[in-house]
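Please read the structure below before turning to the comments.
Counting starts at 1 for both ligands and their atoms, in listed order. Everything numeric in this text was worked out from a predicted model, so none of it was measured.
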Amino acid sequence: MKRIHKLRTMHYAPITILVLGSWFLGFGLCGCQSHQFYVNSRIMMGTIIEVTSVHKEAAGVVFGELERLENLLSKYKPESEVSQLNKKAKLKVSPETFFIVKKAKEFSTLSSGAFDITVGPLVDLWGFTDKNFTVPADEKIKNILKLIGSDKILLHNNESVIKFKFPGMKIDLGAIAKGYAVDCAVKKLKEKGINSCLINAGGQVYCLGEKFGRPWRVAIKGVLNSDFSGFVELTDKSVATSGDYEQFFIQDNKRYAHIINPKTGYPADSGVISVTVIAPDGLTADALSTAIFVLGKERGEKLAEKFKGVEVKIYAQDNL
Ligand code: AMP
Ligand code: MG
């Protein structure tokens with residue numbers, strides 16, 4: 001009999017942004033008169049997006065761009081290009097969708113398949129899409145594994161067409177879309193001449209420029225309720241965390257988390273609890289943190305070495 005003891009969904013990675021020690025929901029103006037900045041937040045992309053900037057118009061620019069990307073890339077929006085592609089198995093897509101899928105394929109190759117956006121049917125099967133969690137029968141997992149593999153996504157560069165090799169395949173950009181969307185927002189901010197802003201998209205962070213002549217200060221907490229925590233000071237860098245406590249359920253005393261090992265079809269079991277990646281761009285930080293979570297400490301660190309300007313903090317079970 002199925003017994004689920006505890007269900008938990010937490011959309012925030014345990015990254016806290018310190019802005020004068022305060023959190024604002026909605027809109028706030030803080031700082032002393034000469035050092036005022038605006039803090040705006042909005043629920044989007046399944047999480048809380050918070051924008052901090054001295055420029056009043058920054059939040060509007062960021063929210064507008066994230067909304068545009070969400071409408072293209074979210075599997076939860078039936079009209080999005082990703083949903084249409086998942087339904088039709090072939091679609092002519094926008095340059096953004098084509099770009100992110102191409103990058104995701106590259107990350108899949110680089111990580112020897114640990115990162116793989118074709119995990120969509122597995123994420124559904126385990127109930128992480130509709131939050132109707134279940135431990136599937138081994139047989140069902142094995143059947144679905146035939147649909148998994150980024151080599152089964154065919155890209156036609158000239159026509160900007162994406163095609164699946166097999167019907168039933170589905171892509172899930174949950175491990176890369178927020179990072180890419182934040183990069184797009186940063187590009188838009190720069191186009192508008194805004195060069196100082198902090199974006200926190202549910203733990204996917206980008207620090208644009210400086211805050212009053214000093215780097216942005218981001219607090220990283222390794223594991224919820226653990227003693228470990230630390231700060232990083234960043235300028236023009238992104239931080240992302242992947243953790244097994246973000247979304248999980250427990251059934252019959254066993255814990256199942258939302259990051260799937262595409263090779264086995266089961267939740268990743270590499271002994272890692274949380275991975276934080278600092279990178280020059282959001283897409284890299286986002287994709288890499290998920291890939292390293294699947295690969296584990298040793299192989300994950302080797303993968304990170306392939307990237308310029310990347311720093312990794314891994315918390316494994318043996319750190320506790
Ligand atoms: P993140 O929080 O960035 O590590 O992304 C986790 C999300 O990415 C999950 O909730 C799934 O939607 C999706 N996902 C799960 N496993 C993988 C994987 N091995 N490769 C790529 N995406 C994944
Ligand atoms: Mg990720």
Using a cut-off of 2.8 Å, how many protein N, O or S atoms sit around the Mg ion (ligand 2)? 4

Could you give the N/O to N/O pairs under 3.5 Å linking ligand 1 and the protein, each with its distance?
| unit_1 | atom_1 | unit_2 | atom_2 | d |
| --- | --- | --- | --- | --- |
| ligand 1 | 3 (O) | Asp286 | OD1 | 3.0 |
| ligand 1 | 3 (O) | Thr290 | OG1 | 3.1 |
| ligand 1 | 4 (O) | Ser242 | OG | 2.6 |
| ligand 1 | 4 (O) | Thr290 | OG1 | 2.7 |
| ligand 1 | 8 (O) | Ala175 | N | 3.3 |
| ligand 1 | 10 (O) | His258 | ND1 | 2.9 |
| ligand 1 | 12 (O) | Asp172 | OD1 | 3.0 |
| ligand 1 | 12 (O) | Asp172 | OD2 | 2.8 |
| ligand 1 | 16 (N) | Ile260 | N | 2.9 |
| ligand 1 | 19 (N) | Ala114 | O | 3.0 |
| ligand 1 | 19 (N) | Ile260 | O | 2.8 |
| ligand 1 | 20 (N) | Asp116 | N | 2.9 |
| ligand 1 | 20 (N) | Asp116 | O | 3.4 |

Just one of His258, Lys75, Lys170 clears the side-chain hydrogen bond (donor to acceptor under 3.5 Å, both in side chains) bar with Thr129, so which one? Lys75

Would you call Glu311 and Lys237 a salt bridge, taking side-chain N to carboxylate O under 4.0 Å as the test? no

Would you find a donor on one side and an acceptor on the other, under 3.5 Å apart, between the side chain of Ser111 and the backbone of Phe107? yes

Regarding Lys297 and Glu301, does a basic nitrogen lie under 4.0 Å from an acidic carboxylate oxygen? yes

Give a yes or no on this: more than 12 heavy atoms of other residues, nucleotides or ligands lie within 6.0 Å of atom NZ of Lys308. no

Would you mind telling me which of Lys140, Glu139, Lys146 makes a side-chain hydrogen bond (donor to acceptor under 3.5 Å, both in side chains) with Asn143? Lys146

Establish, for the pair Lys254 and Tyr256, whether the NZ or CZ atom is under 6.0 angstrom from the six-membered ring centre and no further than 45 degrees off its axis. yes

Establish, from distance only, whether the side-chain atoms of Ser196 and Lys211 form a donor-acceptor pair under 3.5 Å. no

May I ask you to check whether over 12 heavy atoms, not counting those of Lys163, lie within 6.0 Å of atom NZ? no

